[in-house]
Amino acid sequence: MNLTTITWNVNSIRSRLGHLQQLLREQQPDVVMLQELKCEATEFPHLEIQAAGYHAALVGQKTYNGVAVLSKQLGRVVANALPGDDSDTQARFIDVELPGGWRAISVYVPNGQEVGSDKYAYKLNFLRRLHTYTQGLLASEAKVLIGGDYNVALTDVDVHDPKTWQGQILCSPAERQAVYGLLHQGWRDTYRQLHPDAHEYSWWDYRSGGFERNLGLRIDYILASPTACDRLQSSAILREPRGWDKPSDHAPVVAGFIVF
DNA sequence: ATGGTGGTTCGACCA
């Protein structure tokens, strides 16, 4: 038995519903972590997702953000916001407990706009809050997956042109250090675990033909707890959906796990 | 190229 999981920043679920349905048909994932729904819960395409065979747990927001966990088996929402800042009302985090000792978190880390900006400070603070939250999760034996758009390219291998991007947003030392902090806690980057040297990207700017010229960055990850990573079987970045008609600017990232 | 494209929403913002 295999548990197939996907993380995908869809850049509006209503604009991308057809692509999502095709992805679900083709990949038959058990768990899907979505980011940038860009809609309230009432506007979420509940019927279509249910018709595809999935339960949906989500945090919605008008115009911006919004995250969801889709699962074939019914889950239970453990948290619908990242603790640590009561003034933060952005829909960027949902933690769902699933049957069989699995747990799936969908996270949309702030972009940060520009190094040194207010949004950059918010991004670093969000990553600190995430670090605090994830520390507690490792104490349990739960098989935890944290899938999301981290908006950080971890190393220069994850960047098409490291010189141009050096020190820029998505690549600056402080944000890289913050995500490394998660790895130091014990979380594993499932894609890099199985493809140590691959230069593959998960996001390409819409502008200037970024995808056609492969000017990409790898900023979407499925991090796994050690107990989950013990069962890691496969991982991939699905380039194809990025080439579909009117695509998201992100590619889905897959991780497969053995289930006994 | 102080640009470029796309989503939301209808001017401006976010990415």
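In this structure, A:N9 atom CG and B:dA15 atom P are separated by 11 Å, rounded to whole Å. The distance between atom CD of A:Q61 and atom C1' of B:dT8, rounded to the nearest whole Å, is 12 Å. When rounded to the nearest whole Å, the span between CZ of A:F211 and P of B:dG6 equals 14 Å. In this structure, A:K246 atom NZ and B:dT8 atom P are separated by 11 Å, rounded to whole Å. As rounded to whole Å, 21 Å separates atom P of B:dC13 from atom OH of A:Y206. With rounding to whole Å, A:R92 atom CZ is found 11 Å from B:dC14 atom P. Straight-line distance from the CG atom of A:N151 to the P atom of B:dA15: 8 Å, rounded to whole Å. For the pair A:W204 CH2 and B:dG4 C1', the computed distance is 19 Å after rounding to whole Å.
With distances taken from any side-chain atom of A:Y64 to the nucleotides B:dA15, B:dC14, B:dT8, the minimum falls on B:dC14.
Contact annotation for A:Y108: backbone-only contact, meaning every heavy-atom pair under 4.0 Å involves sugar-phosphate atoms and none involves a base. When heavy atoms are screened at a 4.0 angstrom cut-off, A:R213 is found touching no nucleic acid atom at all.
For the pair A:S208 and B:dG3, the criterion of a side-chain N or O lying under 4.0 Å from OP1 or OP2 is not met. The phosphate of B:dT8 has neither OP1 nor OP2 within less than 4.0 Å of any side-chain N or O from A:K62. Neither OP1 nor OP2 of B:dA15 sits under 4.0 Å from any side-chain N or O of A:R207.
Without hydrogens or angle criteria, A:T190 side chain to A:I222 main chain gives a donor-acceptor distance under 3.5 Å.
Along DNA chain B, the nucleotide nearest A:Q90 and the nucleotide nearest A:G209 are compared for position; the residue whose nucleotide lies closer to the 5' end is A:G209. Summary of the strand contacts: A:W203 and A:N11 both lie near DNA chain B, and taking for each the nucleotide with the nearest heavy atom, the more 5' one is attributed to A:N11.
Within the model, atoms CD of A:E97 and CG of A:L74 stand 11.0 Å from one another, a figure rounded to the nearest 0.5 Å.
To the nearest whole angstrom, the two C1' atoms, one in B:dG3 and one in B:dA15, are 16 Å apart.
Among all heavy-atom pairs drawn from A:A198 and A:Y191, the shortest one is CB-OH, 3.2 Å.
Taking the six-membered ring where the residue is Trp, A:Y133 and A:F93 present perpendicular rings, their angle passing 60° and hence far from 30°.
We find that A:D158 and A:R192 are joined by a salt bridge, their nearest charged nitrogen and carboxylate oxygen being less than 4.0 Å apart.
Partner assigned to B:dG3 is none, using Watson-Crick or G-U wobble distances below 3.5 angstrom.
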